[in-house]
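The basis for the numbers below is simple: all heavy atoms, side chains too, and nothing from hydrogens, waters or symmetry mates.
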Amino acid sequence: MYSVGELARKANITVRTLHHYDQIGLLKPSGSTEGGHRLYSDEDVMRLEQISILKKMGLGLKAVHEMLDSYGTDWLSCLEDQLQMVQREKEKLEELESMLRVTIHSVQIEGTLNWNAMFQLIRLSQKNPAAKRRFIREHFTAEERKLLHKLPNLNKDDPLTVRWAEEVAQAKAVMHEDPASPAAQEVAARITMLALEAFDGNHILMNKYWELHGAEDNPMNLYPFEPELLEFLNAAFEHYDRTQTAHEAAVPPKPSVGKNRPK
């Protein structure tokens with residue numbers, strides 16, 4: 001038999017913890033001395049080890065008590081129930097992590113916590129995901145759908161998403177300038193290059209996707225750009241595209257090489 005002090009040292013816990021377990025009926029000593037001091041048997045030690053293991057699995061004392069006394073030796077049911085609970089908690093934590101990442105990226109874009117943007121993002125997160133999947137199937141080819149999975153996603157923290165948030169923040173910083181100004185055109189050029197990287201150089205898909213920004217029902221659940229920013233970006237991109245087209249037309253063709261090269 002072990003005294004309360006001996007068991008506390010053996011289990012590396014406090015005497016106060018053992019007293020608490022006794023008070024709540026989780027671990028009652030099997031015996032006592034003539035003076036009324038607690039004595040613990042080997043079976044009590046085994047139960048204490050079971051309590052320790054279940055606590056490490058994330059169970060609270062009430063749940064540990066119920067499992068040890070209600071399930072008996074049916075550990076399979078006990079563990080399956082605990083696994084389901086952990087999975088539910090994991091889903092909640094993943095949702096929380098996703099919302100925190102979205103909020104962080106939104107602050108990076110807006111420069112502050114934009115409550116209007118957050119309200120819209122929350123409404124988007126509550127939309128039926130099946131509607132978005134259906135829209136994607138109906139409006140994008142199989143090859144295009146593969147590329148969509150590579151796009152920046154505010155729920156993640158990958159380098160592409162971080163760069164996208166930084167560029168949108170830069171666009172907001174110069175959105176009150178002339179879209180044809182050097183600062184605006186630098187932003188337009190960087191966002192275009194970033195988009196082409198994300199879309200593997202697919203200009204058609206890039207333009208199709210961009211046109212969904214500002215759509216009334218936002219079927220793709222895209223980040224809710226304010227109308228003024230969208231208007232500025234569209235004008236900046238239009239000027240950038242015209243400049244690029246004019247530049248390409250002005251560049252003379254390179255001479256052919258090989259057997260057709262002129263002598």
Side-chain angles (χ1 to χ4, degrees), residues 102 105-111 114 117 120 132 135-262:
V102 169
H105 287 309
S106 179
V107 171
Q108 291 171 337
I109 291 170
E110 305 291 342
N114 185 325
Q120 293 186 60
K132 177 181 176 179
F135 180 87
I136 291 175
R137 284 197 309 269
E138 293 174 352
H139 293 81
F140 296 94
T141 67
E143 288 300 316
E144 289 175 336
R145 291 197 293 270
K146 291 179 183 179
L147 291 176
L148 293 181
H149 291 294
K150 299 170 58 178
L151 299 183
N153 188 332
L154 292 184
N155 295 321
K156 301 178 182 178
D157 202 30
D158 58 281
L160 192 63
T161 298
V162 172
R163 288 166 58 196
W164 179 84
E166 291 173 349
E167 294 301 341
V168 176
Q170 287 295 317
K172 286 183 67 67
V174 300
M175 63 183 287
H176 297 297
E177 296 190 19
D178 185 341
S181 68
Q185 286 303 291
E186 287 179 10
V187 170
R190 289 197 303 268
I191 293 180
T192 299
M193 293 301 102
L194 183 61
L196 286 173
E197 177 184 339
F199 287 102
D200 282 351
N202 190 326
H203 286 78
I204 296 176
L205 178 58
M206 180 180 72
N207 292 330
K208 180 196 294 188
Y209 191 81
W210 177 253
E211 289 173 359
L212 293 172
H213 283 281
E216 185 175 350
D217 56 347
N218 197 356
M220 291 289 290
N221 298 350
L222 303 177
Y223 187 82
F225 289 140
E226 54 196 281
E228 295 81 5
L229 178 59
L230 273 177
E231 182 179 354
F232 166 79
L233 285 172
N234 283 325
F237 291 145
E238 184 178 350
H239 183 82
Y240 176 79
D241 290 341
R242 284 201 308 268
T243 302
Q244 289 299 107
T245 300
H247 175 73
E248 292 171 0
V251 175
K254 294 181 180 180
S256 57
V257 296
K259 63 180 181 180
N260 294 323
R261 181 178 179 180

Between I191 and W164, is any pair of side-chain heavy atoms under 4.5 Å apart? no
So do the side chains of Q108 and E166 get within less than 4.5 Å of each other, counting heavy atoms only? no
What pair of heavy atoms forms the shortest contact from H105 to L154, and how long is it? CD2-O, 3.2 Å
So does E143 pair up with K146, basic N to acidic O under 4.0 Å? yes
Could you tell me whether a side-chain N or O of R190 sits under 3.5 Å from a main-chain N or O of E167, the two making a donor and an acceptor? no
Contact check, side chains of H213 and N234, non-hydrogen atoms, under 4.5 Å: no
Is the backbone of K156 close enough, under 3.5 Å, to the side chain of T161 for a donor and an acceptor to pair up by distance? no
So, the side chain of T245 versus the backbone of D241: is there a donor-acceptor pair under 3.5 Å, distance only? yes
Go through the steps for K172 and E226 under the test side-chain contact (heavy atoms from CB on, under 4.5 Å), then give the verdict. CA-CA 10 Å; K172 286 183 67 67; E226 54 196 281; 2.3 Å; yes
Minimum side-chain heavy-atom gap E144-H139 below 4.5 Å: no
Run the side-chain contact (heavy atoms from CB on, under 4.5 Å) test on N221 and F135 for me, step by step, so that the C-alpha distance in whole Å, both residues' side-chain angles and the decisive distance to 0.1 Å come before the verdict. CA-CA 11 Å; N221 298 350; F135 180 87; over 6 Å; no
Looking only at heavy atoms, the pair that brings A184 and V174 closest together is CA-CG2, 4.3 Å
Any donor and acceptor pair, going by atom type alone, linking the side chain of N207 with main-chain N or O of H203 inside 3.5 Å? yes
CD/E231: more than 12 non-hydrogen atoms of other groups inside 6.0 Å: no
Give the C-alpha distance, both sets of side-chain angles, the deciding distance and a yes or no for side-chain contact (heavy atoms from CB on, under 4.5 Å) between V102 and Y223. CA-CA 10 Å; V102 169; Y223 187 82; 5.8 Å; no
Describe, in one word, how the ring planes of W210 and F237 are oriented to each other, choosing from parallel (under 30°), tilted (30 to 60°) and perpendicular (over 60°). perpendicular
I109 CD1 to N114 CG distance, which is reported to the nearest 0.5 Å: 10.5 Å
Side chains of I136 and K132: does their closest heavy-atom pair fall under 4.5 Å? yes
Does the T243 side chain pair with the main chain of H239, one donor and one acceptor, at a distance under 3.5 Å? yes
Grab the two heavy atoms, one from A198 and one from P152, that are nearest each other, plus how far apart they are. CB-CD, 4.4 Å
Any side-chain donor near an acceptor of the partner, N202 and D200, under 3.5 Å: no
Checking F199 against L151 for the side-chain contact (heavy atoms from CB on, under 4.5 Å) test, could you report, in this order, the C-alpha distance in whole Å, the side-chain angles of both residues, the deciding distance, and whether it holds? CA-CA 7 Å; F199 287 102; L151 299 183; 3.6 Å; yes
Side-chain contact test, heavy atoms from C-beta onward, threshold under 4.5 Å: evaluate it for N153 versus L160 and give yes or no. no
To the closest 0.5 Å, what do you measure between CG (L233) and CZ (F225)? 6.5 Å
Can you name the nearest heavy-atom pair linking S106 to A117, along with the distance? OG-CB, 4.3 Å
Hey, does the side chain of T192 reach the backbone of A188 with a donor-acceptor pair shorter than 3.5 angstrom? yes
Below 4.5 Å, heavy atoms only, C-beta onward: do V187 and Y240 meet side chain to side chain? no
Gap separating the NZ atom of K150 from the CG atom of D158, nearest 0.5 angstrom: 11.5 Å
Is any side-chain heavy atom of L229 closer than 4.5 Å to a side-chain heavy atom of V168? yes
Can you tell me how far CZ of F140 sits from NZ of K208, rounded to the nearest 0.5 angstrom? 5.5 Å
Between Q185 (side chain only) and P182 (backbone N and O only), is there a donor and an acceptor less than 3.5 Å apart? no
CG (L230) and CE (M175) are apart, to the nearest 0.5 Å, by 9.0 Å
